[in-house]
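First up is the structure itself, then whatever we jot down about it.
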Amino acid sequence: MPTLIDGKATATQIKAEIAQQVEALVAAGHKRPHLAAILVGNDGGSETYVRNKVLACEACGFESTLIRFEDTVSEAELLSKIDELNHDARIDGFIVQLPLPRHIDRQKVIESIDHRKDVDGFHPINVGRLAIGLPCFISATPLGILTLLRRYGITTAGRKCVVVGRSNIVGKPMVQLMLQKEHGNATVTCVHSHTKNLTSECREADILIAAIGRPGYITADMVKPGATVIDVGTTRVPDASRPSGFRLSGDVDFESVAPVAGAITPVPGGVGPMTICMLMLNTLAAAQKTYYPD
Ligand code: GUN
């Protein structure tokens, strides 16, 4: 059987390392890092993510502030709160949880966040700086995946990496991160809904990263024997046997793929906990002004 890449245990370890650094900072007279999160509406998935982000702040010794709006909030009101956070010296970094209601222009919201507090790494300045190899906040899911590969001793340099999906949050920044000489240093292909011969492209991968949001899409025939398979999918599918009424399903058909893979992430407990952990690391970097010194 393949190596099971345990994102939950790795994230717990990294949060303990962050907490140690925070206590050293506080002992040296610095303030605790402070993350704010804006949550609009009551989407079940977003509620869970934001709750877990607040819990992760506690585990790391950070302060956190949760700001909630009804899903009827106007775009102007949301932008006004963002402006307030941009200028609030007590807040080191903040996020606006996505998705947003349809009447709010998501790109306008992202671009209104001060890039120096954009710990999600979604602002075009951070996206652009990643693309040309400058220091910046890097989108948490791709950063979490690269960190998992590093901590499991999986070589990326010179290897063939195939990213399935081209979203702004995961697929595109994953491609950039794996491509950069100082990060993944891999040979990278991005495949998507209009790719011809998608199965054979995936079969070329030493590292296959699935981020398309389609449960069980990656099957054993798409995986090179011994490949590392990273599953970013977290789709809620109905499951009457669970108290919640649903379970999380990955983009990889784990049962068929695991026997072929050399290493694989589970869902849940793989990429998900690492994403939140990397948000903490970005918040620590924001507090320390690592990427954008004054
Ligand atoms: N929705 C799904 N993933 C994310 C994320 O990483 N950040 C934010 N802000 N919203 C999300």
Side-chain angles (χ1 to χ4, degrees), residues 11 14-15 18-19 21-23 25-26 30-101 104-127 136-141 143-144 168-169 173 272-294:
I14 294 174
K15 282 184 282 185
I18 295 172
Q21 288 187 56
V22 169
E23 292 321 311
L25 278 178
V26 170
H30 293 277
K31 75 173 200 49
R32 289 184 184 277
H34 189 164
L35 174 71
I38 298 179
L39 176 58
V40 180
N42 300 93
D43 174 77
S46 293
E47 292 265 2
T48 305
Y49 284 130
V50 169
R51 187 169 56 244
N52 288 335
K53 288 171 185 179
V54 169
L55 288 173
C57 282
E58 284 170 24
C60 293
F62 293 179
E63 284 190 54
S64 66
T65 298
L66 173 56
I67 299 153
R68 300 194 67 130
F69 288 106
E70 297 293 330
D71 60 8
T72 51
V73 68
S74 70
E75 188 180 279
E77 215 178 326
L78 185 57
L79 293 175
S80 160
K81 176 54 77 177
I82 290 170
D83 187 56
E84 192 184 307
L85 295 177
N86 281 341
H87 293 98
D88 186 340
R90 293 167 301 179
I91 305 288
D92 297 297
F94 65 97
I95 63 154
V96 179
Q97 186 66 29
L98 303 175
L100 289 168
I104 294 174
D105 181 341
R106 154 189 162 147
Q107 196 55 28
K108 200 165 168 186
V109 166
I110 290 172
E111 292 187 34
S112 71
I113 297 171
D114 186 329
H115 67 278
R116 295 166 298 183
K117 293 193 177 189
D118 169 37
V119 285
D120 260 334
F122 294 167
H123 191 287
I125 291 178
N126 282 311
V127 175
C136 63
F137 293 112
I138 298 171
S139 180
T141 300
L143 189 57
N168 288 347
I169 292 184
M274 289 300 290
T275 295
I276 294 181
C277 180
M278 294 300 110
L279 177 66
M280 301 300 117
L281 213 51
N282 281 349
T283 304
L284 179 61
Q288 296 187 284
K289 303 198 185 302
T290 306
Y291 304 127
Y292 301 110
D294 285 332

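Because the structure is predicted, anything quoted here is derived from the model rather than measured.
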For a 4.5 angstrom cut-off between non-hydrogen side-chain atoms, does [X] reach [Y]?
{"X": "Arg106", "Y": "Val109", "result": "no"}
{"X": "Leu85", "Y": "Ile38", "result": "yes"}
{"X": "Leu281", "Y": "Ile18", "result": "yes"}
{"X": "Met280", "Y": "Cys57", "result": "yes"}
{"X": "His87", "Y": "Asp114", "result": "no"}
{"X": "Pro124", "Y": "Gln107", "result": "yes"}
{"X": "Leu25", "Y": "Gln288", "result": "yes"}
{"X": "Leu98", "Y": "Phe122", "result": "yes"}

* Heavy-atom count around Glu70 CD within 6.0 Å, excluding the residue itself: above 12? ->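 12 or below, so no.
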
Would you say the side-chain atoms of [X] pair up with the backbone N or O of [Y], donor to acceptor, closer than 3.5 Å?
{"X": "Lys117", "Y": "Phe94", "value": "no"}
{"X": "Asp294", "Y": "Lys289", "value": "no"}
{"X": "Asn282", "Y": "Ile138", "value": "yes"}
{"X": "Asn126", "Y": "Phe137", "value": "yes"}

* Asked: Can we say Arg68 and Glu47 salt-bridge, meaning some charged N sits less than 4.0 Å from an Asp/Glu carboxylate O?
  ->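 Salt bridge present between Arg68 and Glu47.
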
* Asked: Salt-bridged, Glu58 to Lys53, with N to O below 4.0 Å?
  -> no

* To do: Only one of Leu279, Asp92, Leu284 passes side chain to side chain contact (heavy atoms under 4.5 Å, CB included) with Leu35; say which it is.
  =>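 The single option meeting the side chain to side chain contact (heavy atoms under 4.5 Å, CB included) with Leu35 is Leu279.
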
* To do: Identify the residue among Ile67, Asp83, Ile104 that makes a side chain to side chain contact (heavy atoms under 4.5 Å, CB included) with Leu78.
  =>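 Only one option passes, and that is Ile104.
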
Shortest non-hydrogen separation from [X] to [Y] and the atoms involved:
{"X": "Gly61", "Y": "Val22", "result": "O-CG1, 3.6 Å"}
{"X": "Asp118", "Y": "His123", "result": "OD2-N, 2.8 Å"}
{"X": "Ala56", "Y": "Lys15", "result": "CB-CD, 4.1 Å"}
{"X": "Ala59", "Y": "Ala19", "result": "O-CB, 3.6 Å"}

* To do: Classify the ring geometry between Tyr292 and His115 as parallel (under 30°), tilted (30 to 60°) or perpendicular (over 60°).
  => perpendicular

